[in-house]
Each structure stands twice: as C-alpha cells, then as structure tokens.
Amino acid sequence: HGVRVLPVDVRVSEWGSSLAGVVKGKRGKVKGNVGRPYVADGESLQSTPIIRLGLRLVKGLRVEAGERVVAAREEGAFCDVQDLVERAGLDKGQVRALAEAGALKGLAGHRNRARWEALAARYQGDLLAPATIAEPRITIAPPKSSKDLLDDYASLGLSLDHHPLKTLRPLLGRHLRRASELKNIADGTSIEAAGLVTHRQRPGTASGVVFLSLEDETGIINVIVWPKLVKRFRREVLQGGILRVAGTLQNAKGSQHLVARTIHSEDHRLAELVTESRDFC
C-alpha cells in the first residue's frame, strides 16, 4: 500500500509502533515526527506515512523494560550496548531479547555482533558503571539472510527484509502463481499457489467450508476449502504454516478465490520458521 515500515530499534522506537515521519508531496520531502498535513505555498500536498515498529513486538520484553529504554534514551543517545544496559537497567534476558529481535543492530552493527555484545553487557548500577574495559574488537560475520529471516519471525513474528515465500519460491517451482498475478488470470483456470497461513475461518453459516488466507511476497491469496477436502487434508488445513494449494481460480467482480483441489504442507522447507495465524475468530 505504499506505506514504508522501519524496524524495531532501541535508538528510536517507542514502546508501541508510531508515526516516524511523513513523506510529503511532489518534492519527496520528509518531515520527521509530523502527523498533520504539510502545506507549501498555499497548496495542500499528499502525504505517505512512515511507521516505526515498537519495542512491544519484541518477544520476551516486558513493558516495564521497554519504558525504561525509552526513558533512558530521552536523557541522551546510547553509546553502545553496555551503555544501554546500564542506563535502562536491563537484565541478561531483556538485552538478549533485544539482540535476538535485531533491535540492537543500530548499536552493534548486525544481529550476530549484537548477540556477542549482549553476552558481555552487564548492569552494575554502581560508581564503576561508567568505566569501560579496553579489549580488541574481534571480527564476527553477519548472519545469512535466511537465518535473519528465521530470527525475525521467531522474535518479532514478521520480517521487513525478506519474505519466506520469496526464499522458498525457487524450491517450490516457477509454475506457482503470485497473489499479484491472480487478477489477470481468467476465471476457471487451474493454478497452484503457496503462502503463509495468516487466517483460518469457518463461519457457522458456511456448512463446514473453511476459508484460508495465504500470504506470499506480493499479497494475500484467498482459498476456499470444501468440507470433503477439510476431512481429507485436515492436518494441513488446521495446522499447516506454509501451504501449497492447487485448484481452480474464481475471478469475478474484482475478487479472486482459489477453490482448493489438493493441499500440501511445505513447513519442512523452513522447519525453524515460527509463524502465527488468526484461527476461527
């Protein structure tokens, strides 16, 4: 939808996600921390918001710790991970949660180095706290993009840099259709598509039909699973995280639905991927 989203970062993130700025008008200017319309020369220009993800998304970080990070930052920018830990009063579990979520990249450089520095950081809370230990900076290789993807989902439940389907598509086959392509495919065409399960719905008025929402790197694919198929592919429908679905495309009146014929789980492709879906709510 054209909305830019920025990652969780202890240097700038609030507890909740917030408006980090607005890209303004025809000149492409950025007005930081501004939510109201920008007017230049008497002309109201269009704006596109920039969202900064909040610390609340970090799994394992409680609100009290997040608020201490924000309060400490308001008194001055953090110099490094140890400075953050000391001034925000973070324990080992809290700083490790931030490192795993990639929220320390701005202080450490990348996730692997953040983990290393988080291991060494320790809250002292005494007169010696400002003292630093001089030691050589060792070389630590950054994680591969595939590992970063898994860690993003494990710690945040999402990734801004990568999408699992973009990573898996070469393995699943070039014949798979993307969500963005469905509107241009004729009604009644047999296709195959895949995606992360984001929603499962079974309305009481649908006589046992299950509706799935699959997310790929381009959008959402709506899938209809008739009751007979629900019984046949029960485990995939109810428990699958990454599904590949073959069926017939319904493309009418501006909406597209894939009526499932076969359903296969592809969870083994990324066995460590942790995803969540909204099920039957």
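Computed from a predicted structure; not experimentally measured. Numbers for residues simply follow the sequence, beginning at 1.
- Under a 4.0 Å N-O distance rule, the pair Asp216/Arg169 qualifies as a salt bridge.
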Could you go through the salt bridge (charged side-chain N to carboxylate O under 4.0 Å, His left out) check for Arg73 and Glu14 one step at a time?
CA-CA 10 Å; Arg73 189 182 66 221; Glu14 304 294 332; 3.5 Å; yes

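- For the atom pair CD (Gln201) and CG (Asn222), the distance works out to 9.0 Å, reported to the nearest 0.5 Å.
- The local environment of CH2 in Trp15 is crowded, with over 12 non-hydrogen atoms from other residues, nucleotides or ligands closer than 6.0 Å.
- A distance-only check finds a donor-acceptor pair linking the side chain of Lys92 to the backbone of Leu119 [under 3.5 Å].
- Taking the side chain as every heavy atom from C-beta outward, Val225 and Phe233 never approach each other to under 4.5 Å.
- Atom OG1 of residue Thr167 and atom CG of residue Leu149 lie 5.0 Å apart, to the nearest 0.5 angstrom.
- Of all the heavy atoms in Leu196 and Pro164, the pair that sits closest is CD1-CG, 3.9 Å.
- Summarising the geometry of Leu258 relative to Leu249, their closest heavy-atom pair is CD1-N, 4.1 Å, with the distance given to 0.1 Å.
- By the 4.0 Å N-to-carboxylate-O rule, Arg68 lies too far from Glu64 to be salt-bridged with it.
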Arg178 vs Glu217, test: salt bridge (charged side-chain N to carboxylate O under 4.0 Å, His left out). Steps then yes/no.
CA-CA 8 Å; Arg178 293 174 172 81; Glu217 70 272 36; 3.5 Å; yes

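- A donor-acceptor distance shorter than 3.5 angstrom exists from the side chain of Arg200 to the backbone of Val237, with no hydrogens or angles considered.
- We find that Asp83 and Arg87 are joined by a salt bridge, their nearest charged nitrogen and carboxylate oxygen being less than 4.0 Å apart.
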Starting from the C-alpha separation in whole Å, work towards a yes-or-no answer on side chain to side chain contact (heavy atoms under 4.5 Å, CB included) for Leu107 and Asp80.
CA-CA 5 Å; Leu107 295 177; Asp80 51 30; 5.6 Å; no

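- Exactly one residue among Lys59, Lys105, Arg111 makes a salt bridge (charged side-chain N to carboxylate O under 4.0 Å, His left out) with Asp152. That residue is Arg111.
- Of all the heavy atoms in Gly54 and Ser13, the pair that sits closest is CA-CB, 4.4 Å.
- Applying the side-chain contact (heavy atoms from CB on, under 4.5 Å) test between Val58 and each of Leu53, Val10, Val8 identifies Val8 as the sole match.
- With no hydrogens or angles considered, a side-chain donor-acceptor pair links His163 and Glu215 at under 3.5 Å.
- With Asn251 contributing its side chain and Asp187 its backbone, the two residues share no donor-acceptor pair below 3.5 Å.
- A donor and an acceptor atom, one from each side chain of His264 and Glu236, are nowhere located under 3.5 Å apart.
- A salt bridge links Asp151 to Arg115: at least one charged side-chain nitrogen sits closer than 4.0 Å to a carboxylate oxygen.
- Taking the side chain as every heavy atom from C-beta outward, Leu229 and Thr262 never approach each other to under 4.5 Å.
- One finds the OG atom of Ser18 at 11.5 Å from the CD1 atom of Ile50 (value rounded to the nearest 0.5 Å).
- No side-chain donor-acceptor contact under 3.5 Å links Thr248 to the backbone of Val259.
- Closest approach of Leu61 and Ala65 over heavy atoms only: CD1-CB, 3.7 Å.
- With rounding to the nearest 0.5 angstrom, the CD atom of Glu266 is 9.5 Å from the CG atom of Leu165.
- Judged by distance alone, the side chains of Ser159 and Asp161 never bring a donor and an acceptor atom under 3.5 Å apart.
- In terms of modelled atom types and a separation under 3.5 Å, the side chain of Arg177 and the main chain of Leu182 share no donor-acceptor contact.
- Listed here is the closest heavy atom pair of Ala193 and Ile221: CB-CD1, 3.7 Å.
- We find the CG-CG distance between Leu104 and Leu84 to be 6.5 Å, quoted to the nearest 0.5 Å.
- Of all heavy-atom pairs spanning Asp267 and Gln239, the tightest one is OD2-O, 4.3 Å.
- From Ile191, atom CD1 reaches atom CZ of Arg261 across 10.0 Å, with rounding to the nearest 0.5 Å.
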